[in-house]
Amino acid sequence: MKRSNEHKVVLFDPIRSINSGQVFLWKNVNGSWYGINGKEVLKFTVIKKPTINNKKIIATNEVEYQSFPKNELWENFFFRLNDDHEEVYKALSKDEIIYKIYQKYNGLRILRQDPFQCIITFVCASNTNVKRIRHMLTNISKKFGTKIIFDGLEFYLFPNAKELSNASINELTSCGLGYRAKFVKSVASDIESKMLNFEEIKRKYYFDSRKELVKLKGIGNKTADCILLFAFEKLDAFPIDVWIYRSLLENYYWLFDDIKKYLSKNKPTNNQYNIIGSRVREYFGEYAGYVQQYLYYHVRETSRRTW
DNA sequence: GTACAGGCAGTAT
DNA sequence: ATACTGCCTGTA
């Protein structure tokens, strides 16, 4: 689909990005946003919103960034400001459906998260809701993380693999993890014992990396895709939760015409998950992960939310 | 009370 | 390969 240059608005909206279901340990205090990312507390303050007129940026937004410990230009890394956003734009302009969604939520970015925290986050995220995920992660930080003071406020950093692998199942259960407690412990131990090598996961291609991840207890296809997209540089990872699944069948039914009669109504089987994933990757290309995030945000925004 | 939520693993077919 | 079930716990 061709688009004239005047529509090429590359916006960046940090608030929308952190509230799009990728991270769960951010909060607004006195007008600034604070978030736990591994062993850092990240902070940003929106000084001035961007000025947009007729879909053109007149003046870009002004955001102030700080962190504890001090990490210069963390925003470039965390918000992926140096991704090839021209190419991302191309993926998000593939057809009218996604282009409309892109325009509506322009500025939403994929976040580059601390790998260990990201893994634990999405192991905890199975079969539950945002509110409870936040509850579980907050409890884990408080119980096993280091307390620090930043801006006169109390924060608990996220524990690393070593700190968390020492936790007992009972302690984890008391964080509200339920049946996920044993998964978190096992995953933390596997990472601590280097059974899962982060550098290797980053280096390998999407499908090979995912094979490694799903070997761990508590990580299936969907969870692995979230981890790969948000922490391991796999921008072609395309997590398919029940929402995305239903949305794809509804809006992109023509991509699955030949197999439609075999597809389950609400939840894909592993095999269906893989087929659908490879087709959307084929269709949207190497930045399919960005498409997923926009699509996901859109379905959540347009459905009744309880968070 | 009961259904269900941003899945996974284990078992049976 | 698919179908079905149980799982913790909070919320509607």
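Throughout, protein chains are lettered first and strands after them, A, B, ... in sequence-line order, and every chain is numbered starting at 1.
One atom, CG of A:Leu177, and another, P of B:dC8, lie 16 Å apart when rounded to the nearest Å. Distance A:Lys131 NZ to C:dT9 P: 17 Å, rounded to the nearest Å. Rounded to an integer number of Å, the gap from CG of A:Leu213 to P of B:dA9 is 12 Å. Here the C1' atom of nucleotide C:dC7 and the NZ atom of A:Lys182 are 7 Å apart, to the nearest Å. A straight line from CG of A:Asn221 to P of C:dA1 spans 12 Å, rounded to a whole angstrom. Distance, A:Asn127 CG to B:dG6 C1': 9 Å, rounded to whole Å. For the pair A:Asn170 CG and C:dC8 C1', the interatomic distance rounds to 14 Å; values are reported in whole Å. To the nearest angstrom, P of B:dC8 lies 8 Å from CG of A:Asn270.
Of the P atoms belonging to C:dC8 and B:dT11, the separation is 15 Å, rounded to the nearest Å. As rounded to the nearest Å, B:dG6 and C:dA3 have C1' atoms that lie 22 Å from one another.
Here the nucleotide nearest the side chain of A:Thr269, chosen from B:dG6, B:dG7, C:dT2, is C:dT2. Nearest nucleotide to the side chain of A:Lys267, out of C:dC8, B:dG7, B:dA5: B:dG7. For A:Tyr179, whose side chain is taken as the heavy atoms from C-beta onward, the closest listed nucleotide among B:dG6, B:dA9, B:dG7 is B:dG7. When distances run from any side-chain atom of A:Thr223 to the nucleotides B:dG7, B:dG6, C:dT11, the shortest one goes to B:dG7.
For the pair A:Lys147 and A:Phe155, the cation does not sit on the ring face, since its NZ or CZ is not both under 6.0 Å from the ring centre and inside 45° of the axis.
Within 3.5 Å, no donor on the side chain of A:Tyr273 pairs with an acceptor on the base of B:dG7, nor the reverse.
Comparing A:Val214 and A:Phe24 by the nucleotide of DNA chain B that holds the closest heavy atom to each, the one mapping nearer the 5' end is A:Phe24. Heavy-atom nearest nucleotides on DNA chain B were determined for A:Gly220 and for A:Arg246, and the one closer to the 5' end corresponds to A:Arg246.
When ring centroids are compared, A:Tyr156 and A:Phe144 stay outside the 6.0 Å threshold.
A:Ser168 contributes atom OG, which lies 7.5 Å from atom NZ of A:Lys185 (distance to the nearest 0.5 angstrom).
A perpendicular orientation is assigned to the rings of A:Tyr65 and A:Trp74, their planes being inclined by more than 60° (bins at 30° and 60°).
Of the side-chain N and O atoms in A:Arg132, none sit less than 4.0 angstrom from OP1 or OP2 of B:dA5. For the OP1/OP2 pair of B:dA9 and a distance below 4.0 Å, the side-chain nitrogens and oxygens of A:Lys217 include no atom meeting the criterion. Within the 4.0 Å cut-off from OP1 or OP2 of C:dT2, at least one side-chain nitrogen or oxygen of A:Asn271 is found.
A:Glu40 and A:Asn71 are linked by a side-chain donor-acceptor pair at a separation below 3.5 angstrom, with hydrogens and angles left out of the test. Side-chain contact of A:Gln272 with A:Ser264: a donor-acceptor pair under 3.5 Å is present, judged by distance alone.
Across all strands, A:Ile133 comes closer than 4.0 Å to no nucleic acid atom at all (heavy-atom distances). At a threshold of 4.0 angstrom between heavy atoms, the contacts of A:Ile275 with the nucleic acid are absent. Residue A:Phe183 is classed as a sugar-phosphate contact, given heavy-atom separations below 4.0 Å to backbone atoms only.
The base-pairing partner of C:dG10, taking Watson-Crick or G-U wobble contacts with both distances under 3.5 Å, is B:dC4.
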